[in-house]
Number of protein chains: 4
Amino acid sequence: MLNRIILIGRLTRDPELRYTPQGVPVASFSLAVDRPFANQQGQREADFIDCVAWRKLGETVGNHLTKGRLVAVEGRLQIRSYEAQDGTKRKVAEVIADSVRFLDRPRDGQVPGSPADVGMTDDVAFPDDLPF
Amino acid sequence: MLNRIILIGRLTRDPELRYTPQGVPVASFSLAVDRPFANQQGQREADFIDCVAWRKLGETVGNHLTKGRLVAVEGRLQIRSYEAQDGTKRKVAEVIADSVRFLDRPRDGQVPGSPADVGMTDDVAFPDDLPF
Amino acid sequence: MLNRIILIGRLTRDPELRYTPQGVPVASFSLAVDRPFANQQGQREADFIDCVAWRKLGETVGNHLTKGRLVAVEGRLQIRSYEAQDGTKRKVAEVIADSVRFLDRPRDGQVPGSPADVGMTDDVAFPDDLPF
Amino acid sequence: MLNRIILIGRLTRDPELRYTPQGVPVASFSLAVDRPFANQQGQREADFIDCVAWRKLGETVGNHLTKGRLVAVEGRLQIRSYEAQDGTKRKVAEVIADSVRFLDRPRDGQVPGSPADVGMTDDVAFPDDLPF
DNA sequence: TTTT
DNA sequence: TTTT
């Protein structure tokens, strides 16, 4: 009935922007989110969280974000279940973003024209999770 | 750097309460969280989200919650990566709860003595609002 | 750049549904949200938080919610500053809701036809804070 | 029963660090949080939100943050009611922070030794994710 | 009293 | 496959 997640982290690689057969843009990216404490070996680990952005938000993400950029993502956690080729059940967990804010400025010469310190929001109400 | 998730949903089955070798209680449970819209067949789907509660919160969950109960869970999303027996990489996504609130009353004869409409929090509760 | 609040609480009174001169519906309501700990006298206090819902969501709130109902509200915290008649500066803090979920069923004979256990979301993207 | 707010914004001035008569540190600061849309005059407004941090978190805030710094604050919204000298009822809304993360680096020569890109949390940090 |  |  309520499913809300807010993350701040850095992109582990450049986003991938693709299009559905119907031409709907969808960007995939992965965030490294540092855990708030050290593990038993005294190291600070991170969670690597897959995110998806659809439509206009997806295009903004795909066109302006790059590996290493710091962002705040708001969305919901979606769990998809499927059967693998070997017949075992698998699950995919991903955050369906409805807002992505850029929290640092791009490094020089990275993405010309990228909107520094600007956020994008996806307020249009569509089914954000076509099975693509 | 920030990882916060808030869910409202119903337990898909009774929680499992176990103990680490060191005797630390840990409860596992799964929530069905209805999606906010219908899919293309007009049906309302749900995400089935695995949750974990440690220590005192784990015991409360294990002792007082049952299948079907409505709860609000606050926590963080944790992704664990591991290698399966067949050598493939797998991931486990689970919400590490630091607060679980009970939003309905148990059905009659369910769990004698369960604290209806009562929440439990993993945090130490300081009066953060002395009138200073 | 990011402003997100999630509350679970009970309405302290019936909501007030009004309309702007342009006919836009807006519902005002107040939530009692129990604090997570007891104060120094051992009593559990609550925060009384003013909320506002616009348009279709406002009508749903105004038509289906009543004093005492348990709800989950998602929105943003808005602070309006103004000058009182005596020339002093005052502030109004209110939560602009973009989603309200009903977490209990109405008491018998309360609101005929009210959608029990149903949530409403306001996904349309408008300026949610006309100075009304 | 649940009261969670997450903000990203900039300090409108240097924080004030004070101490209760019992010696408990408490820092007050105010955040400018840009609204996600423009008003009817096409200008982007901000909400100015008062925040409070207690104890160790308060000291970190008081000692390391300065006007203009970008932070993420997690906490709860607290409403205090009181009677003014003229007999009228007033309310104070403030966010009681339990985590403050620094999202930019201090400007040169600002606060020597300040922990750049480091967050502080009020919570006790248990390894909530023993591999069990 | 308002930040970039 | 992992970010600063």
Side-chain angles (χ1 to χ4, degrees), chain A residues 7-16 28-36 43-51 61 65-73 92-94 100-107 110 115-119, chain B residues 1-3 78-83 87-91 93, chain C residues 1-3 78-83 87-91 93, chain D residues 7-16 28-36 43-51 61 65-73 92-94 100-107 110 115-119:
Chain A
L7 303 171
I8 298 180
R10 291 186 185 276
L11 275 81
T12 62
R13 54 178 190 279
D14 290 348
E16 279 177 48
S28 303
F29 58 106
S30 165
L31 281 190
V33 181
D34 291 326
R35 294 190 181 160
Q43 299 146 195
R44 202 113 166 282
E45 291 175 271
D47 290 292
F48 297 96
I49 302 179
D50 291 323
C51 300
V61 162
L65 284 179
T66 49
K67 175 176 174 172
R69 293 291 307 275
L70 183 69
V71 295
V73 169
V92 172
E94 47 199 7
V100 177
R101 312 225 155 244
F102 305 173
L103 296 176
D104 57 5
R105 344 197 101 250
R107 305 253 206 92
Q110 276 264 46
D117 208 27
V118 161
Chain B
M1 312 204 43
L2 187 149
N3 181 337
Q78 179 175 272
I79 308 287
R80 275 186 295 141
S81 297
Y82 67 97
E83 196 160 309
T88 58
K89 308 270 188 229
R90 306 280 177 82
K91 286 176 183 182
Chain C
M1 313 201 45
L2 186 149
N3 180 339
Q78 179 174 273
I79 308 287
R80 274 186 296 142
S81 297
Y82 67 97
E83 196 160 309
T88 59
K89 307 267 188 234
R90 305 281 177 83
K91 288 177 184 179
Chain D
L7 303 171
I8 296 180
R10 291 186 185 276
L11 275 80
T12 61
R13 53 177 193 279
D14 291 348
E16 280 179 47
S28 303
F29 58 107
S30 167
L31 281 190
V33 181
D34 291 326
R35 294 190 182 160
Q43 301 146 193
R44 201 113 167 284
E45 291 175 273
D47 290 292
F48 297 95
I49 302 180
D50 292 322
C51 301
V61 162
L65 286 179
T66 49
K67 176 176 173 169
R69 294 291 305 276
L70 182 69
V71 295
V73 169
V92 172
E94 48 200 4
V100 177
R101 312 227 154 241
F102 304 174
L103 296 175
D104 58 4
R105 347 197 98 250
R107 305 254 204 90
Q110 276 267 48
D117 208 27
V118 161

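Closest contact between the side chain of A:R10 and the listed nucleotides E:dT3, F:dT4, F:dT2 involves F:dT4. Of the candidate nucleotides E:dT3, F:dT3, F:dT1, F:dT1 has the atom lying nearest to any side-chain atom of A:R13. Distance from the side chain of D:S30 is smallest for E:dT2 among the nucleotides E:dT3, F:dT1, E:dT2. Side-chain proximity of B:K91 to the nucleotides F:dT1, E:dT1, F:dT4 is greatest for F:dT1. Across E:dT1, E:dT3, F:dT4, the shortest atom-to-atom separation from the side chain of D:T12 is found for E:dT3.
Look at CG on D:D14: it is 13 Å from C1' on E:dT1, rounded to the nearest Å. Separating the CE atom of B:M1 from the P atom of F:dT3 is a distance of 16 Å, rounded to the nearest angstrom. The CD1-P distance, from B:I79 to F:dT2, rounds to 15 Å in whole Å. The distance from atom CZ of D:R44 to atom P of E:dT3 is 16 Å, rounded to the nearest whole Å. The separation between A:I49 atom CD1 and F:dT1 atom P is 18 Å, rounded to whole Å. Residue B:Y82 contributes atom OH, which lies 14 Å from atom P of F:dT1 at whole-angstrom precision. Between A:L31 atom CG and F:dT2 atom P there is a gap of 16 Å when expressed in whole angstrom units. The separation between A:L70 atom CG and F:dT2 atom P is 20 Å, rounded to whole Å.
Within the 4.0 Å cut-off from OP1 or OP2 of F:dT1, at least one side-chain nitrogen or oxygen of B:K89 is found.
Using modelled atom types, no side-chain atom of D:R10 and backbone atom of D:K67 make a donor-acceptor pair closer than 3.5 Å.
C:M1 approaches D:L70 most closely through the heavy-atom pair SD-CD1, 4.3 Å. Contact record, C:L2 with A:A72: CD1-CB, 4.1 Å, taken as the closest heavy-atom pair.
Within 4.0 Å (heavy atoms only), A:G68 reaches sugar-phosphate atoms of the nucleic acid but no base atom.
Under the side chain to side chain contact (heavy atoms under 4.5 Å, CB included) criterion, D:D47 pairs with C:N3, C:R76, C:Q78, C:I79, D:R35, D:I49, sequence neighbours left out. B:T88 pairs by the side chain to side chain contact (heavy atoms under 4.5 Å, CB included) definition with B:A84, B:D86, B:R90, not counting sequence neighbours.
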